[in-house]
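Have a look at the structure below, then the notes.
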Amino acid sequence: MAETLLQVRDLKKYFKTPGGMLHAVDGITFDLEEGKTLGVVGESGCGKSTLGRVILGLLDATSGSVLFEGKETIGVSKHQRKDLRKNMQIIFQDPFSSLDPRKTVCEAIMEPLLLQKKLSKEECHAEALKLMDTVGLAKRFENSYPHELDGGRRQRIGIARALALKPKFIVCDEPISALDVSIQAQIINLMLDLQEEMELAYMFVTHDLSVVKYISDDIMVMYVGCTVEKCAAEELFQAPLHPYTKGLLSAIPVPNIHRERKRIVMQGELTTPIDPAPGCRFANRCPYAKERCQNEMPCYEEVLPAHFVACHYVREVNGLAGAAHA
């Protein structure tokens, strides 16, 4: 049985704005095992990317705990953070803006190796060439600059940089959203091959539900900074329990003109993340919302084995045993 690599507990990240405190990440809890992939989905602005950056220490947490291999990472010193960087990396959404335009492909991949100061420049160069081969970049591109390459090759540079220090955990922040569909498939298959070969754990942030189903072991659905549902990928698509998840899945196009899918159109206003009112964040758009939903935040609980949901009436709505009553 795989060991737990990452434990996130009640993680929060608030930003001060002229209008009040913006609750970007508000009480996220989950575990991630070695060699597994957690897909994180939700609407734009729900806090997916911010969550990844807080876990890696690129943004300071407001409160909460992040344990990596059983050791706390929140509030560690710069020296300790540098050691963590070896095992915790990120692949950014935009491969072009995440690369230094003044560095060649080989120089960009060598950079993390040189910063760790464990290898000579010649050894770093040799390792960079190996990484280029690993991610499918031909040696003839080693002296090319990012603007000379297409999006797929640029993203392969980003993946090679993330792999340079042989990490155990990688945050993939929408790594294929800026790529053509044919290139997306190549990058996804590359990442799956590397995961199997190197036993990598991924947190895969995306809004593409078709992709997240293909790559993920578990999926966590976020809404306005909070988790509303988390379970195994196959179970989420077959039997979603939260009303928001059901609405999201109903929007996936069906590639069959003879098959119709009932579209769930979510009405109502999106709850503001700036000093949000007490109660369920989805209450304004939920067809099952009652007075309790407006006044009390639902508990994030295990409704079925390894299936977590944050909804007061999840049992009642889905006909599960132990249904709650208003």
Side-chain angles (χ1 to χ4, degrees), residues 5-32 37-100 111-112 115-116 158-159 161-162 164-165 167-175 177-178 200-207 220-228 230 270-276 281 300:
L5 181 71
L6 184 72
Q7 294 172 286
V8 177
R9 295 289 180 269
D10 197 26
L11 190 62
K12 298 180 181 181
K13 177 59 182 177
Y14 299 164
F15 294 95
K16 190 174 183 179
T17 72
M21 296 299 291
L22 191 155
H23 293 218
V25 174
D26 207 358
I28 301 296
T29 294
F30 69 85
D31 290 344
L32 180 60
T37 299
L38 173 68
V40 182
V41 300
E43 298 174 27
S44 295
C46 70
K48 306 185 298 293
S49 295
T50 302
L51 172 63
R53 284 165 166 74
V54 174
I55 289 172
L56 293 178
L58 298 177
L59 293 172
D60 292 332
T62 300
S63 65
S65 172
V66 176
L67 297 177
F68 184 78
E69 295 185 316
K71 297 180 181 179
E72 182 62 64
T73 68
I74 299 294
V76 297
S77 66
K78 285 186 176 181
H79 178 72
Q80 290 171 311
R81 179 64 64 188
K82 186 176 180 180
D83 285 338
L84 282 169
R85 291 273 185 263
K86 300 172 189 175
N87 287 314
M88 304 172 74
Q89 287 289 315
I90 184 169
I91 301 170
F92 292 100
Q93 178 177 357
D94 185 352
F96 190 61
S97 63
S98 65
L99 296 171
D100 188 336
E111 187 175 22
L115 287 173
Q116 288 292 329
I159 294 172
R161 280 170 58 87
L165 299 177
K168 296 179 180 179
F169 169 64
I170 299 178
V171 172
C172 309
D173 186 8
E174 304 205 34
S177 62
L200 296 167
Y202 292 143
M203 184 179 124
F204 196 90
V205 175
T206 184
H207 59 265
M220 182 170 73
V221 183
M222 289 184 64
Y223 185 80
V224 194
C226 299
T227 304
V228 296
K230 177 184 174 292
L270 193 71
T271 299
T272 176
I274 299 177
D275 294 329
R281 304 277 167 88
Y300 179 63

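By the 4.5 Å heavy-atom criterion applied to side chains, P175 and F204 are counted as neighbours. At least one side-chain heavy atom of I28 sits under 4.5 Å from a side-chain heavy atom of M220. Side-chain contact check for I274 versus F15: every heavy-atom pair is 4.5 Å or farther apart. Using a 4.5 Å heavy-atom threshold, the side chains of Y300 and K230 count as touching. Residues V66 and L11 meet the side-chain proximity criterion, which asks for heavy atoms closer than 4.5 Å. Looking only at side-chain heavy atoms (C-beta outward), M222 and V228 stay at 4.5 Å or farther from each other. Residues T271 and R281 form a side-chain contact, since some pair of their non-hydrogen atoms from C-beta on lies under 4.5 Å apart. F169 is not listed as a side-chain neighbour of Q89, based on a closest heavy-atom distance of 4.5 Å or more.
In summary, R53 and D60 do not engage in a salt bridge, as defined by a charged side-chain N under 4.0 Å from a carboxylate O.
When all heavy atoms of P167 and A162 are compared, the pair lying nearest together is CG-O, 3.2 Å. Nearest heavy atoms, P95 versus Q93: CD-O, 3.3 Å. Summarising the geometry of A24 relative to T50, their closest heavy-atom pair is CB-CG2, 4.1 Å, with the distance given to 0.1 Å.
Note: C46 SG to D26 CG = 12.5 Å, rounded to the nearest 0.5 Å. Atoms CE and CD1, from M88 and I170 in turn, are 11.5 Å apart once rounded to the nearest 0.5 Å. Between the CD atom in Q116 and the CG atom in L165 there is a gap of 5.0 Å [rounded to 0.5 Å]. If you take CG on L56 and CG on N87, they are separated by 11.5 Å, rounding to the nearest 0.5 Å. Taking CG of L32 as the reference point, atom OG1 of T37 lies at 7.5 Å (rounded to 0.5 Å). Put simply, NZ on K168 and CG on L84 are 11.0 Å apart, with the number rounded to the nearest 0.5 Å.
If you check the side chains of T206 and E174, you find no donor sitting under 3.5 Å from an acceptor. For the residue pair E43 and H207, no side-chain donor N or O sits within less than 3.5 Å of a side-chain acceptor on the partner.
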**Study point:** Intermediate values then yes/no, salt bridge (Lys or Arg N to Asp or Glu O under 4.0 Å), K48 and D173
**Key:** CA-CA 8 Å; K48 306 185 298 293; D173 186 8; over 6 Å; no
Exercise for review: Report the C-alpha distance between R9 and D31 in whole Å, list the side-chain angles of each, state the deciding distance to 0.1 Å, and finish with yes or no for salt bridge (Lys or Arg N to Asp or Glu O under 4.0 Å).
Suggested key: CA-CA 9 Å; R9 295 289 180 269; D31 290 344; 2.8 Å; yes
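Judged as a salt bridge (charged side-chain N to carboxylate O under 4.0 Å, His left out), and not counting sequence neighbours, the contacts of K86 are D83.
Ring-plane geometry between Y14 and H23 is classed as parallel, the angle between the planes falling under 30 degrees on a 0 to 90 degree scale with a further cut at 60.
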